[in-house]
Amino acid sequence: MRDTLVLNASFEPLSTVTLNRAVVLVLQDKAVVEQAHPELRMRGSDVDIPAPRVIRLCRYVRVPFRRQAPWSRRGVLVRDRHRCAYCGHRATTVDHVLPRAQGGQDTWLNTVAACAEDNHRKADRTPEEAGMALLREPFEPTPADAMLLALREDDFKTLPEWLAQSAA
Ligand SMILES: [Zn+2]
């Protein structure tokens, strides 16, 4: 997988993202292409652009370069792409894996996106106690994830299906 370097609006290198993510940022007018692959294009029904090798954000974002992005409910929903960790359907709430009533903390590794129904059903129980398996383990966002959070890319839009990568 080719990664694309992301520069801040100030031209300071920030991070790398996947090529697909870079194209989505460009198509969303959040970034411009600074340097393109000479031989690779991204083609779709109404798109045909050189595959970006370096992109630059259109506005300056402050990215805390800590190893750990600050926890937030919104960040958990974004990290989990608004998918419930228990059923995979759309999530609007944040569930504490180890419930707060049992000492669970607001941390990346203890929280997952959950639909309201599952959050209510699980209540103050662990997944084991509730008999509800996690579809995936919670994780700490990488610096690239933190950058995307800082960009307020609130939906982690998936690449449109019509957009495919092809050689020029
Ligand atoms: Zn659910």
Side-chain angles (χ1 to χ4, degrees), residues 1-4 6 14-31 42-47 51-52 55 57-59 61-165:
M1 188 66 205
R2 293 174 173 82
D3 280 345
T4 300
V6 183
L14 277 182
S15 179
T16 58
V17 295
T18 64
L19 185 53
N20 286 355
R21 173 71 56 207
V23 169
V24 169
L25 290 173
V26 170
L27 293 179
Q28 289 176 336
D29 293 324
K30 287 179 175 165
M42 305 295 284
R43 288 205 173 104
S45 55
D46 53 4
V47 146
I55 61 172
L57 301 179
C58 294
R59 74 176 180 84
V61 293
R62 284 176 201 286
V63 179
F65 266 88
R66 292 165 248 177
R67 280 191 87 73
Q68 228 176 315
W71 181 90
S72 68
R73 283 177 180 276
R74 189 174 171 288
V76 172
L77 290 173
V78 173
R79 179 197 66 184
D80 293 351
R81 305 181 187 204
H82 293 85
R83 297 278 172 217
C84 175
Y86 300 102
C87 71
H89 291 128
R90 182 162 176 82
T92 55
T93 69
V94 168
D95 174 63
H96 289 72
V97 178
L98 178 66
R100 275 179 300 189
Q102 298 189 30
Q105 302 288 309
D106 287 346
T107 63
W108 289 114
L109 297 181
N110 190 48
T111 49
V112 291
C115 69
E117 293 78 12
D118 281 335
N119 204 336
H120 182 74
R121 187 155 65 91
K122 179 169 170 287
D124 285 341
R125 297 178 294 178
T126 65
E128 294 73 30
E129 289 168 350
M132 296 166 66
L134 284 166
L135 297 178
R136 58 175 181 272
E137 291 298 316
F139 62 96
E140 286 183 16
T142 64
D145 296 329
M147 183 196 69
L148 293 168
L149 289 171
L151 264 176
R152 299 185 189 285
E153 191 184 44
D154 57 358
D155 47 12
F156 263 86
K157 281 196 179 74
T158 51
L159 194 70
E161 283 170 30
W162 45 259
L163 189 61
Q165 186 179 320

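Both ligands and their constituent atoms are indexed starting at 1 by order of listing. We're numbering straight along the sequence, starting at 1.
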Next item on the list: Return the minimal non-hydrogen interatomic distance between Ala133 and Tyr86, and the atom names on each side.
Entry: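 Residues Ala133 and Tyr86, closest heavy atoms: O-CD2, 3.6 Å.
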
Note to self: Please find the pair of heavy atoms, one from Asp80 and one from Ala113, that lie closest to each other, and give the distance.
What the structure shows: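 Asp80 and Ala113 have their closest heavy atoms at OD2-N, 2.8 Å.
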
Next item on the list: Answer yes or no: is there a donor N or O on one side and an acceptor on the other, between the side chain of Thr93 and the main chain of Ala114, under 3.5 Å?
Entry: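 Checked: pair present.
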
Margin query: Are the side chains of Lys30 and Ile55 in contact, using a 4.5 Å heavy-atom criterion?
Written below: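 Answer no - side chains too far apart.
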
Notebook entry, point to check: Is there a side-chain contact between Thr107 and Glu140 (heavy atoms, below 4.5 Å)?
Noted result: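 Not touching, per the 4.5 Å side-chain cut-off.
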
Next item on the list: Taking 2.8 Å as the upper limit, name the protein N, O or S atoms near the Zn ion (ligand 1).
Entry: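 Sorted hits: Cys84 SG, Cys87 SG, Cys115 SG, Asp118 OD2.
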
Checklist line | Residues forming a salt bridge (Lys or Arg N to Asp or Glu O under 4.0 Å) with Arg121, sequence neighbours excluded | finding: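 Counting only residues at least two positions away or on another chain, Arg121 forms a salt bridge (Lys or Arg N to Asp or Glu O under 4.0 Å) with Asp118.
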
